[in-house]
Amino acid sequence: MQLSLDDVYLTKTERAALAAELHPLFSTRGPPGTHDLELLDRTVAALSIAGPDDETPLPVFDKLADERVVEGRWPRFRGRPRAILIDGWCLGALPEESDALASPLNRLETERDPDGVWRRAVNAFAGDAYLALAERLDARLFLRAPGFDAVLDWRCEQEADLRGRPLAAEERHAIADFIQCFERLTRRMIDGGVHADIVVQLDRNRQPVTVAS
């Protein structure tokens with residue numbers, strides 16, 4: 001069975017609290033620090049010891065509403081799965097050296113994080129709890145994009161699927177702004193800064209080109 005980091009985002013209230021404590025950009029879901037890893041751990045632990053008739057609730061996040069679905073509406077998994085697949089775009093990401101964080105990478109960092117507080121906090125989260133989670137897994141597989149420019153196309157495809165219609169130009173521009181939150185760490189991983197047992201190189205159509213271990 002499959003679990004996703006996308007389904008354990010912090011709630012709006014929790015992200016607002018994190019934004020007030022650390023940096024306003026933490027109100028935006030996505031980067032390390034905006035997930036409830038304890039909820040994920042509890043879910044994995046419950047699944048791992050479940051009996052044949054036990055039912056484990058599986059968290060769900062509504063991206064269009066930008067909010068976690070109330071627990072009473074979560075699906076339930078019956079029994080103990082033979083394997084658990086956890087997908088997450090930043091799992092296994094290796095933190096950058098402090099000097100690499102000194103200069104802004106894109107317009108978002110230039111305008112909204114000029115002093116580097118947010119990107120240093122994201123880097124710390126990635127190198128601490130998120131990397132520890134990846135290292136607890138039995139195996140790690142990284143699907144490597146051909147470049148960061150492909151990420152925008154893929155994200156727009158996902159959003160169009162969620163909305164059930166093609167995106168307007170302004171919606172694509174909004175997504176281009178949104179993924180700047182992911183750009184630094186994504187480029188880091190594409191360039192090899194990732195702890196993975198297997199790396200699958202994808203083409204722009206998400207088809208595997210090479211597999212390396």
Side-chain angles (χ1 to χ4, degrees), residues 1-50 54-77 80-81 83-96 101 113 117-143 151 155 158 178-179 181-190 193-198:
M1 62 90 55
Q2 180 180 0
L3 298 174
S4 175
L5 277 187
D6 283 4
D7 282 321
V8 294
Y9 283 123
L10 297 174
T11 65
K12 282 184 180 178
T13 299
E14 291 167 336
R15 279 178 280 136
L18 191 64
E21 177 184 356
L22 295 179
H23 190 282
L25 280 173
F26 278 109
S27 63
T28 302
R29 72 175 191 271
T34 62
H35 303 87
D36 188 340
L37 297 188
E38 292 185 0
L39 172 59
L40 179 62
D41 282 340
R42 292 196 302 272
T43 303
V44 171
L47 288 166
S48 300
I49 62 172
D54 291 337
E55 292 188 346
T56 304
L58 306 179
V60 176
F61 191 90
D62 183 341
K63 289 184 177 179
L64 290 181
D66 192 28
E67 186 61 281
R68 188 184 301 160
V69 173
V70 295
E71 186 170 350
R73 293 173 52 200
W74 294 358
R76 306 177 76 85
F77 186 90
R80 184 185 306 175
I84 301 172
L85 172 66
I86 302 175
D87 74 77
W89 75 272
C90 57
L91 280 181
L94 299 176
E96 293 185 276
L101 301 169
D113 187 39
V117 170
W118 173 75
R119 57 184 177 269
R120 292 181 191 281
V122 169
N123 195 60
F125 279 122
D128 187 11
Y130 287 72
L131 188 56
L133 169 60
E135 291 176 343
R136 291 198 299 273
L137 303 178
D138 295 319
R140 292 147 294 271
L141 183 147
F142 176 49
L143 301 177
V151 174
R155 180 72 197 202
Q158 180 189 53
F178 173 68
I179 67 170
C181 294
F182 305 80
E183 183 172 0
R184 177 178 290 274
L185 201 56
T186 299
R187 289 188 183 276
R188 165 77 167 153
M189 297 175 75
I190 289 173
V194 60
H195 176 39
D197 302 292
I198 299 173

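Nothing fancy with the numbering, it's 1 onward along the sequence.
For the pair R184/L101, a side-chain contact is recorded, criterion being any heavy-atom separation below 4.5 Å from C-beta on. The side-chain heavy atoms of P31 and L185, taken from C-beta on, include no pair separated by under 4.5 Å. The side-chain heavy atoms of L47 and L3, taken from C-beta on, include a pair separated by under 4.5 Å. Looking at heavy atoms from C-beta onward, D62 lies out of side-chain contact with E67 at the 4.5 angstrom threshold. Contact of the H35 side chain with the Y130 side chain is registered, since non-hydrogen atoms from C-beta on lie closer than 4.5 Å. In this structure, I179 and T186 have side chains that are not in contact, with every pair of non-hydrogen atoms separated by 4.5 Å or more. At a threshold of 4.5 Å between non-hydrogen side-chain atoms, the residues E96 and R119 do not count as touching. In this structure the side chain of T11 never reaches within 4.5 angstrom of the side chain of D36, judged on heavy atoms.
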Pair L40-L5, side chain to side chain contact (heavy atoms under 4.5 Å, CB included): steps then yes or no: CA-CA 8 Å; L40 179 62; L5 277 187; 3.9 Å; yes

D87/Q2 under side chain to side chain contact (heavy atoms under 4.5 Å, CB included): CA gap, chis, key distance, verdict: CA-CA 8 Å; D87 74 77; Q2 180 180 0; 2.5 Å; yes

Full working for side chain to side chain contact (heavy atoms under 4.5 Å, CB included) between M1 and I84: CA-CA 5 Å; M1 62 90 55; I84 301 172; 4.1 Å; yes

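For the atom pair I86 CD1 and R136 CZ, the distance stands at 8.5 Å (nearest 0.5 Å). In this structure, CZ in R80 is found 8.0 Å from CD1 in I49, a value given to the nearest 0.5 Å.
Smallest separation of non-hydrogen atoms from F26 and L18: CD2-CD2, 3.7 Å. Across all their heavy atoms, T28 and F178 have their closest contact at CG2-CE1, 3.5 Å. In plain terms, the two heavy atoms of P57 and E71 that are nearest each other are CG-OE2, 4.1 Å. Closest heavy-atom contact between M189 and C90: SD-CA, 4.0 Å. Residues R68 and V8 share a closest heavy-atom pair of NH2-O, 4.2 Å. Nearest heavy atom pair, residue T56 against residue T43, reads CG2-O, 4.2 Å.
A donor-acceptor contact shorter than 3.5 Å links the side chain of R140 to the backbone of A134. W118 contributes no side-chain N or O that, together with a main-chain N or O of C181, makes up a donor-acceptor pair within less than 3.5 Å. Of the possible donor and acceptor atoms, none in the side chain of D128 sits under 3.5 Å from a partner among the backbone N and O of A132.
A side-chain contact (heavy atoms from CB on, under 4.5 Å) with P32 holds for exactly one of L131, L91, V122; it is V122.
For D66 and R15, the salt-bridge test passes: some basic side-chain N is under 4.0 Å from an acidic carboxylate O.
Using cut-offs of 30° and 60° for the angle between ring planes, the Y9 and F61 rings count as perpendicular.
Other residues, nucleotides and ligands place more than 12 heavy atoms under 6.0 Å from the CZ atom of R76.
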